[in-house]
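Just so we're clear, the structure is a prediction, and the values are computed from it rather than from any experiment. Every chain is numbered from 1, with letters handed out A, B, ... down the list of sequences.
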Amino acid sequence: MEFSELIKTATVESVLLAGTGLPPVRGTLCITSHHLLLSSCPGGDGQPGTVELWLLIRNVDAVEKRLAGSSGTITLRCKDLKVLQLEIPGMEECLNIASSIEALSSVDSVMMMYPFFYRPQDLRLEEGWHLFPLEQYFQKIAAETSQWRLSDLNRDFTTCPTYPAGVIVPAAVSDDTLRRAARFRQGGRFPVLSYYHPRNGTVMLRSSQPLMGPNRKRCPEDEVLLGTVLDEGERGFIIDTRSAQAAKQARMTGGGTEPKSSYPQWKRLHRPLERGRPLQESFIKLVEACNDASLSMDRWLSRLESCRWLSHVKVALSTACLAAQCLDREEASVLVHGAEGTDTTLLVTALAQVILDPGCRTMVGFQGLLEREWIEAGHPFHLRCARSAYSHARLKQEAPLFLLFLDCVWQLSRQFPFSLEFGESLLLALFDNAYASDYGTFLCNNEKERCLCKVKENTHSLWAWLNQPEEKKKYLNPLYSHNPLVIWPSVEPQSIQLWQGLFFRWIRPSQYLEEARAEMQRLVEANEAPAKESAGSRLSRSLSDPAARTENER
Amino acid sequence: MEHIRMPKVENVRLLDRVSSRKAALGTLYLTATHVIFVENASDTRKETWVLHSQISSIEKQATTATGCPLLIRCKNFQVIQLIIPQERDCHDVYISLIRLARPVKYEELYCFSFNPKLDKEEREQGWKLVDLNEEYNRMGIPNDYWQISDVNRDYGVCDSYPTEVYVPKSATAHIIVGSSKFRSRRRFPALSYYCKDNNASICRSSQPLSGFSARCLEDEQMLQAIRKANPGSDFLYVVDTRPKLNAMANRAAGKGYENEDNYSNIKFQFIGIENIHVMRNSLQKMLEVCELKSPSMSDFLWGLENSGWLKHIKAIMDAGIFIAKAVAEEGVSVLVHCSDGWDRTAQVCSVASLLLDPYYRTMKGFMVLIEKDWISFGHKFNHRYGNLDGDPKEISPVIDQFIECVWQLMEQFPCAFEFNERFLIHIQHHIYSCQFGNFLCNSQKERRELKIQERTYSLWAHLWKNRADYLNPLYRSNHSQTQRTLYPQMAPCNFLYKFWSGMYNRFEKGLHPRQSVTDYLMAVKEETQQLEEELEVLGERLANLQKMQLNGNKIQSKQQDRSKQLGLSASTNSLANTPQEYGSDLKSFPSRSPSQGDEDSALILTQDNLKSSDPDLSANSDQESGVEDLSCRSPSGGGCLPSEDSGKDSDEAVCLAV
């Protein structure tokens, strides 16, 4: 396929662009394989044009056209929730442009996507792809206990096509046993270590559902695997992210959940979390409600309620807290799974780690967490983030689980404003990049696909870009100070708020809030300036330095 | 004292509202002014103090096996649940409190016994802090168009107005008196705010007694005088803040609203703000939602919407925005009224002033604003906030709504206000506490008769003395947000109006952000200042002395300071250290100690408060200066590092009931 075949009209003069939050501007519209450009010539024809719009076509979620006389208006609804309007002279041009954007934005082949063509000058291709090797994560665990080992039984992705090559498993369980256990789990996702809680040595595992089926099949290897995790007399908890009813029903289709009789040391807790289509619909409804200018104050809250989004946030946070509570307070290990173990499971395990582990609350630690618990763990980003809230296309497998996770992290950052090293802007950037990106980080559904497409060889990593000093500064939380404790959020409805920074990003003018943020930054920097000059600065700095402080406490 | 049947009850349990499993055992004391609960736990002896005047209702519930429950709801939104072992004791406490919470004479109120140990001169100085004449001078008045009138000098024209009233120069005593006879309770149009940049003004009054056809020449002349006092504009807005239906109904009773045909060049406008009864019920409904035990998101959102509270807040804001725009953008003067002109009118005029004039967004200016639009113009504090026993139908959260409007604006314009949320919360608290004389009675006349200024203290002086606690660190007098008129978003802006849990759930500390940005930034700001000063000192020393040693000593003390501050901010972190109830079916999953850390840190702080010699602090106890209030500034609280949370649970081994 050639992109040029999809582009019916490449340029149109005198197009009016509106909806950017700035006054409408007229210029030349240009369609390339991956971008929509609009450049204006404020100084007349002789002047070089100013680029007013540089939109990744992959970011377009819906194209709506309206023809009136000899011209037409195209409304572009983007995956990042921005809405743009293009007024195009000439009916034919308008139709051509619309269909070109539609065709280009629905190219589904991974290898055709922009990250494979994007070659920024100041980054090297291999940069950022190996920042968070699992070996390194494992070494930290190995320093504390010898009960876990790093297995490469999945190096060719045959045992589990959605797991990465390396997984952390109980040292006492052989690869052979694991292979058999994998056959008893949907998609081969046998229980693996997700998080080791250094304070008391408990662990959080994740997997998919056991394939019990209607005949209540058992699998001795799976039972051994889970049995090994707990010492004699110890209890563990299985957090099933489906209702007890749904888990039971899953047996009819070959799935199920761990029965007490086969796993006597494990107690099951059911916490139904929404996923799939209902979650996507919740997202769509919320965005609709946020854009509804006709809504009056007396109906806003019930409309918000009917979207259910905040309920999903509340349940996700509570479930993650429950998992964290099991580990930290009950000192019991936890296994988390739903059905496939690639959606709500990851939401819970990742979120619980942000709550428990101060390391995950740093800029680098959070990236490592995303890499480990979302990307390598096989959350199907390509399927889930194919479409955002505006798309008219028939829903396939889209579901905003990753957005829900980011929202929950935002709630944490609001309740603990000093405890996260990064700010809202990072969460927004992650949302944008998960749905449409210049970088390869969120491409494909799992490591196996990424290997096949040679993503790591042929695209740039988002982390490489984010971690450039100038770029990184934009995402830091100026108020951050290392908090070694577990952060237990409130999950009462009074404490859960709509994430305005995301859902109203393009709707409300945020100038005053931006000013407040700048003022905060200014205050903190003013504090650092004299501190730097001060002779006592080194001492006081060492106090605020995370590493030095944990040393002190020990 | 004669009303106290039972000064002390032992073995009373104080229940925690969030977690019903937690209860503190202690002793309940009734004093002439307070209900005090002292916990038994010997290491902590945490105290909870509640002023009688804060009590809004007392409910004695059916006796159970464990004792007799008593529910005390407070006007500052604290809810106290006690269980008293003996039914008889409970009854005595109940009967005593019923009487104590409803004083019949002003002299019974706390401000007449409250003594902050200030001498007479200091007290007088305190009352002089806010001076309305000075305020009208600041606005540029008197001038060519406006003057002070002594027509009401002995309250002869209107007994709920102040003695000094500002009116257009062309309005003669004859016109004023004539107009007053045509207005409910003789509340004639008077100046509330004057914009010296364009001569536009906000005036206020009560409704005209127009009925279906009545006219009054003097009233028409009065409005014309107001319009002419703004030579740049050829008409005057008359804003009736009531819903049109209510205003029409008033016509049948011989009251009503201005007929545009009878007044020259007015534009008449209804802005539907509901009456005090609707607002009282709305608050009641919202508080019921706040009291729900572990509500779902849906319960909460539905309940909040059904209460209508935020809709009412938005209506008041919209009215204020309309007036501010008329004055600032159109340069047109506005006359505002409702029925009597002392509730909705006060709300709307003060919101508009706040939007228009940056001065009212400073701490001092905000005190002046309340003094001007609420206290001096006869807002009926005694009736609305039930200070003395009276008609429950007169009670309504009118000023609470105004205070919330300010908070909503602070959320939208974080750099525009010199003061912080705590300032608003403390003002709300003291409107009900009756600890200071400012808000007593229903009018200036009553206050003068009671000699309030000679017998009580002023809240403004008290707040001003502690102003460091109330500063907004993001405020800078040269910041662009502090300069101009504020223009809040109009539509779509539903989402901008948020539930204020910092006020209505202020005693449920667990619901709030566990770290206070305000306090942190204030500490940072102060530290910066200190560091800069020290840097200067160091620089001088280096220049003067050759000895390096001296310098070293200085460094050490510096470092200790810093560690103290960090220690404190970390101790607020320890609040982070308490899981809440994350699932109701965890009964089979007994949590070891859900809130250990929380209590510990709270206790250290309250004790600091209580041991303080400042009588005011002890009077308000920890409800007022909660954990957040103890900012990083106080050096006394330093050095308490976060305790290792692991140690706490170990002695309470609880088996998992699986």
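The number of heavy atoms from other shown groups lying within 6.0 Å of CZ (A:Arg299) does not exceed 12.
With a 4.5 Å cut-off on non-hydrogen atoms, A:Gln494 touches chain B through its backbone and its side chain both. If you measure heavy-atom distances from A:Phe503 to chain B, you find no contacts under 4.5 Å at all. For a residue to count as touching a neighbouring chain, one of its non-hydrogen atoms must lie under 4.5 Å from one of that chain's; by this rule B:Gln529 does not touch chain A. For B:Ser296, the part lying near chain A is the backbone, with the side chain staying farther off; criterion is any non-hydrogen pair under 4.5 Å.
Most heavy-atom pairs under 4.5 Å with chain B, from the set A:Pro417, A:Ala324, A:Ala516: that is A:Pro417. The residue among B:Leu474, B:Leu292, B:Asn306 with the most heavy atom pairs within less than 4.5 Å of chain A is B:Leu474. Here A:Ser302 is the residue among A:Ser306, A:Ser302, A:Ser495 with the most heavy-atom pairs under 4.5 Å with chain B. When each of A:Gln497, A:Lys314, A:Arg414 is checked for heavy-atom pairs under 4.5 Å with chain B, A:Lys314 comes out on top. Between chain A and the residues B:Tyr504, B:Trp302, B:Phe499, the largest count of heavy-atom pairs under 4.5 Å involves B:Trp302.
Taking the six-membered ring where the residue is Trp, B:Tyr520 and A:Phe418 present tilted rings, their angle falling between 30° and 60°.
In this model, no donor atom of one side chain and acceptor atom of the other lie less than 3.5 Å apart for A:Thr202 and A:Glu331. Under 3.5 Å, the side chains of A:Asp328 and A:Trp488 contain no donor-acceptor pair of N or O atoms. A:Glu258 and A:Trp266 form no side-chain donor-acceptor contact under 3.5 Å, judged by distance and modelled atom types alone.
The residues A:Arg271 and A:Asp240 are annotated as not salt-bridged, no charged nitrogen and carboxylate oxygen being separated by less than 4.0 angstrom.
Here the side chains of B:Lys311 and B:Tyr497 are not in contact, with every heavy-atom distance at 4.5 Å or above.
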